[in-house]
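The block underneath contains the structure these notes are about, expressed in C-alpha cells.
Positions are given from 1 along the sequence. Keep in mind the model is a prediction, meaning the values are calculated, not measured. These numbers come from the heavy atoms of this one structure, side chains and all, not from hydrogens, waters or symmetry mates.
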Amino acid sequence: MSEKHKDWDQEQKRVQMVIEEIDRQHVRLAKKTGDLKEDVIQLREEFFSEETRVNVEEPHELLETHYSIKQQAELLSERERSHREYSKRLKALKRLRSSPYFGRIDFVEQGSSHAEPIYIGVASLMDEKQEDFLVYDWRAPISSMYYDYSPGSAEYETPGEGTVKGEMTLKRQYIIRNGQLKGMFDTGITIGDQLLQAVLGKHADTSMKSIVATIQKEQNQIIRNESAKYLFVQGVAGSGKTSAALQRVAYLLYRFRGKMTSENIMLFSPNPLFSSYIATVLPELGEENMEQTTFQDYLDDRLGEKWMVQSPFDQTEYLLNGPVDERYQIRMSSIRYKASLHFKQLLDRYISILKEKGMIFRSLTFRGRVIVDRTDIKHYFYSLDHSMSIPNRLEHVQTWLFGKLKNWMEQEKNKEWVDEEMETMDKEELLHLDRKLEKQGWQNDYDVQREKYAEYILKRATRGVKKEIEQLHFVDVRRIYARLFTISLTDRKEDYHLPDIWKEIGEETIKRLKYREMPYEDATPYLYLYDTITGRKMNTAVRHLVIDEAQDYSPFQMEYFKALFPRAAMTILGDVNQAIQAHSLDGDSLLSHDWSEDSGIEKITLSRSYRSTKQIVEFTRHLIPEAKREIQPFHRDGIKPTLAKVKQGYAHRAAVVERMKNLKNKGYETIAVITKTKKEGQKVHAILSEYMDVQFIDISTRKYEKGIVVVPTYLAKGIEFDAVIIYDSSNRQYHREYERKFFYTACTRAMHELHLFTSGQPSRFLDDVPENSYDVMDYRTLTYSD
C-alpha cells in the first residue's frame with residue numbers, strides 16, 4: 001500500500017472512530033436530556049399545584065413556605081438551564097456527525113519534541129474521559145493557526161498564557177460527507193483552491209451559509225479582532241465581508257462566553273430581505289441569533305406614530321426617477337448637506353443657543369381649555385439655572401407641570417362637567433369605588449363620597465394630559481427643528497459649509513415638516529435634536545453593533561450611532577463602490593469618510609472577490625475604473641458575460657424569456673432579473689409573468705423562494721444569485737455618472753452567469769470594459785412572432 005493510500009486509510013479510520021464517539025455521547029446526553037425534561041415537567045407541576053399555598057395565618061409557617069418556594073424556584077431554574085445546555089450540545093453533536101472536522105494542523109510547541117495533531121471543526125469534542133480534544137472548535141485560540149499560517153514557524157495567543165510559539169509541521173484539509181472522507185489535501189497558508197472551488201462552484205441558496213472551513217487569512221483578521229472599538233471593513237463585492245462579520249459575532253460569543261450573549265449584539269441590515277437571507281448563519285454555528293433590524297424599522301418605531309417617514313428606498317427612487325429641475329437640485333443638495341458632519345456641527349451650535357433662548361413649547365390643555373400656557377412654560381424653563389442641561393431643566397418643568405395640574409384638578413372638583421360625568425358612570429365603576437369607601441369607613445358620608453368620585457373622574461379624564469407631561473410632548477421639537485432653517489446664517493456660511501441654496505433648502509424643509517412629512521435625510525438629524533433636548537435614555541445593553549452595507553450610511557448617522565450605543569464596539573462593513581444612496585453618490589459616506597482623528601479605529605481591506613467566476617469579476621471590475629486594480633478575482637472559471645442587442649418591444653421580452661428558460665434548463669435555482677428601479681421592476685414583472693412563474697421583490701418582501709425573481713438594484717445588495725439578467729442595460733437607462741455604481745452593484749450579484757440585454761445603444765459604462773471580456777450577441781435581425 002502506498003503512503004498516500006495508507007494515510008487515507010488511517011484518516012478514514014479516525015473519522016469513523018470520532019463518529020462512534022459522537023454516537024456514544026449522543027446516546028448518553030439524550031438520556032440525560034430526557035430525564036431532565038421529566039424533572040422539569042414534574043417540578044413545574046409541583047410548583048404550580050394547589051398544594052403549594054402560602055399559609056398567611058402563622059408567621060413562622062409563612063416564612064417556611066417562602067423559603068420552600070424560593071428553593072423550589074431555584075431548583076426549577078437550574079434544571080431548565082441544564083436542559084437548555086444539554087439540548088444545545090445535542091444539536092452540536094448532530095452537526096458534527098456528518099462532518100466531524102474540516103482541517104488539521106500538527107503543531108510542535110516550543111520546548112517539546114512531540115507534534116500534536118489538532119483537528120478543527122464547527123464545535124469542540126472531547127474523548128470519553130473528557131481529557132483530550134478529539135476536535136477543537138474553529139474559534140479556539142489554537143485553531144487560529146489553521147487560518148493564519150503555512151507549515152513552518154507559527155504561534156497563537158491565549159487569554160491566560162500569552163503567546164504560544166512553535167512549529168507547524170502539517171496543514172491538511174478534508175472534505176467529509178455523511179461520515180465518509182471524500183477529499184484530503186495538504187496545503188499552504190491559504191485555504192486550498194480545491195476546497196474553495198468545491199464550495200464556490202455550488203448553486204446559490206435562498207439563505208447565506210456559514211463556511212468556516214474556507215475562512216481566508218484576511219477574513220480571520222476580521223473575525224478574531226478584539227482590539228478595535230470601531231472595526232471598518234472595506235470589501236469589494238463578493239469578498240465575504242458579511243460572512244466574516246457573522247462569524248466574528250460567533251467568535252465573540254465564544255470568546256466572551258458568560259460576559260456577552262446574543263442579546264447584547266445587534267445588526268443593522270440594509271433591508272428585511274437581507275435579514276432573512278442571513279438569519280440561518282449563527283444557528284448553523286450553534287449560536288442564538290442576535291437582534292436583526294433595519295435602520296428604517298428603528299426610524300418607524302421612533303417616528304412612525306406621528307410622522308410620514310420616508311424610507312431610503314423611496315429617496316433612491318426619487319433620485320433615479322425624479323425630474324432634473326430646480327426642486328430636484330435643491331433636494332439633492334439638502335440630502336448631501338444633512339448627511340454631513342458640518343450639519344451636525346450646526347445643530348450642536350443651535351442646541352447650545354437653545355440653552356439661553358429659542359425653546360418652543362406647547363400649552364398644556366384639557367378639552368380645548370388651557371391649563372398652563374406655553375409662554376408660562378417657557379418663562380419657567382428659562383428661570384431655571386442656565387448651567388443646568390436642557391434635559392435636567394425639562395425634568396424640573398415636568399415636576400412643576402404635575403404640580404400645576406394637581407392644583408387645576410383641585411379647582412375642577414366642583415365643576416358642573418364633573419357632576420355630569422358622575423351621572424354617567426357605569427355600575428362596575430360605582431361598585432368598585434363603593435367597596436373602597438366601605439373598606440375606609442366612608443360609605444355613609446355623602447361629602448366624602450362625592451369628593452372620591454370627583455377625584456376618580458378627574459384622574460381618569462386627565463390621563464392623556466399626564467401622558468403628555470411624562471413624554472415631554474409639551475416641548476415642540478418639530479417647530480424647534482424647523483426654526484433652525486429660518487435663522488439667518490449668512491455671516492457664518494463658511495463656518496458651517498452651508499450650501500449656496502441654504503435658503504431654498506430651508507423653505508423646502510419647513511414645507512414638508514408642516515405637513516408632518518419626514519424626509520429620510522431629516523430623520524436622523526431630527527432624532528439627534530430630539531434626543532439631545534429631551535435626554536432620551538441610551539441603549540447600554542448593546543455591547544456590539546454590526547452595520548452592514550455601511551457605504552449607505554452617512555457620517556452624521558455614525559455619530560448618532562455612537563451616541564445611541566455608547567457602550568458598543570462596532571463592526572462596520574461595506575463597499576464604497578456600491579454606494580448608491582443619494583447622499584453618498586458624489587458626497588461623503590460612513591465608509592469613505594476620513595475618521596483618522598477618531599481613536600480606537602482599525603481598518604481592513606478585502607480585495608479578492610470569491611462570489612463570481614473569474615470572467616464575471618474581470619468584466620465588472622472595469623465598470624469602476626478608479627478601483628479596478630483593487631479588485632482581484634479568485635481563479636474559478638466560467639463563461640464570459642454576454643451583451644445581447646435586441647429590438648425594442650416584443651423582441652426584447654422574447655429574448656429575455658428564452659434566456660431565462662435556458663438558465664433554468666441548466667439547473668440554476670436562483671435567477672435574478674435586475675432592474676434599475678422599482679417602477680421598472682413592476683413593469684418587467686408584469687411582462688415576464690405572462691410567460692413564467694416570476695416573483696417580484698420589493699421593500700415589503702421578507703423572504704424569497706428559489707426560482708426567478710425580479711428585483712430593483714438597491715434591494716439586491718448583499719445577495720447572490722446563480723445567474724443574473726440585466727433587463728435593460730441601455731445608455732438611456734444607465735448613463736448618468738452616479739448610475740455607474742447601480743450598474744456595478746447589479747452585475748456583481750451573479751455567481752456563475754451574467755447576461756445583459758439592450759434595445760438601444762449600450763450603457764456608456766461598457767466603454768471602459770475591454771471588448772474581449774464579454775461576448776456580444778446581435779439578435780436585432782431575428783424576427784419573433786407575438
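- When every heavy atom of Pro525 is checked against every heavy atom of Leu347, the shortest pair comes out as O-CD1, 3.6 Å.
- Ring planes of Tyr714 and Phe313: parallel class, angle under 30° (limits at 30 and 60°).
- Of the charged side-chain nitrogens involved, at least one lies within less than 4.0 Å of a carboxylate oxygen, so that Lys562 and Glu559 count as a salt-bridged pair.
- In this structure, Gln310 and Tyr520 approach most closely via the heavy-atom pair OE1-N, 3.1 Å.
- Asp300 and Gln296 form a side-chain donor-acceptor contact under 3.5 Å, judged by distance and modelled atom types alone.
- By the 4.5 Å heavy-atom criterion applied to side chains, Arg516 and Lys306 are counted as neighbours.
- Checked against a 6.0 Å centroid threshold, the rings of Phe742 and Tyr738 do not count as neighbours.
- Between Phe474 and Phe361, the ring planes are parallel. Angles under 30° get that label, and only those over 60° would be called perpendicular.
- No donor-acceptor contact under 3.5 angstrom links the side chains of Gln219 and Tyr147, judged on distance only.
- Donor-acceptor pairing under 3.5 Å is recorded for the side chains of Tyr560 and Asp531.
- In this structure, the side chains of His593 and Met558 stay at 4.5 Å or more apart for every pair of heavy atoms.
- Side-chain atoms of Thr293 and Met266, non-hydrogen and from C-beta on, do get closer than 4.5 Å to each other.
- Side-chain contact between Phe232 and Trp595: present, with at least one pair of heavy atoms (C-beta onward) separated by less than 4.5 Å.
- Just one of Glu549, Gln551, Lys241, Arg248 meets the side chain to side chain contact (heavy atoms under 4.5 Å, CB included) condition when paired with Leu573; it is Lys241.
- Both tests pass for Arg331 against the ring of Tyr318: distance under 6.0 Å to the centre and angle within 45° of the axis.
- With no hydrogens or angles considered, no side-chain donor-acceptor pair links Lys741 and Ser584 at under 3.5 Å.
- Put simply, the side chain of Phe402 does not reach to within 4.5 Å of the side chain of Val465, judged on heavy atoms.
- The ring of Phe561 has its center no closer than 6.0 angstrom to the ring center of Tyr298.
- Applying the salt bridge (charged side-chain N to carboxylate O under 4.0 Å, His left out) test between Asp476 and each of Arg483, Lys378, Arg374, Arg362 identifies Arg362 as the sole match.
- With a 4.5 Å cut-off on side-chain heavy atoms, Ile222 and Leu606 count as touching.
- At least one side-chain heavy atom of Phe485 sits under 4.5 Å from a side-chain heavy atom of Trp502.
- No side-chain donor from either of Thr745 and Thr713 sits under 3.5 Å from a side-chain acceptor of the other.
- Formation of a donor-acceptor pair under 3.5 Å by the Trp138 side chain with backbone atoms of Tyr251 is not found in this model.
- Residues Arg543 and Lys259 come closest through the heavy atom pair NH1-O, 3.9 Å.
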| task | Go through His473 and Gln471 one step at a time and tell me if the side chain to side chain donor-acceptor pair (under 3.5 Å) criterion holds. | result | CA-CA 6 Å; His473 288 169; Gln471 298 183 355; 3.2 Å; yes

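- Using a cutoff of 4.0 Å between basic side-chain nitrogens and carboxylate oxygens, Glu287 and Arg139 are scored as salt-bridged.
- Between Leu299 and Met518 there is no side-chain heavy-atom pair separated by less than 4.5 Å.
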| task | Begin from the C-alpha positions of Asp348 and Tyr528 and carry the test side chain to side chain donor-acceptor pair (under 3.5 Å) through to its verdict. | result | CA-CA 10 Å; Asp348 286 336; Tyr528 177 77; 2.5 Å; yes

| request: Kindly determine whether Glu508 and Ser334 satisfy side chain to side chain donor-acceptor pair (under 3.5 Å), including the steps that lead there. | output: CA-CA 9 Å; Glu508 193 70 24; Ser334 176; over 6 Å; no

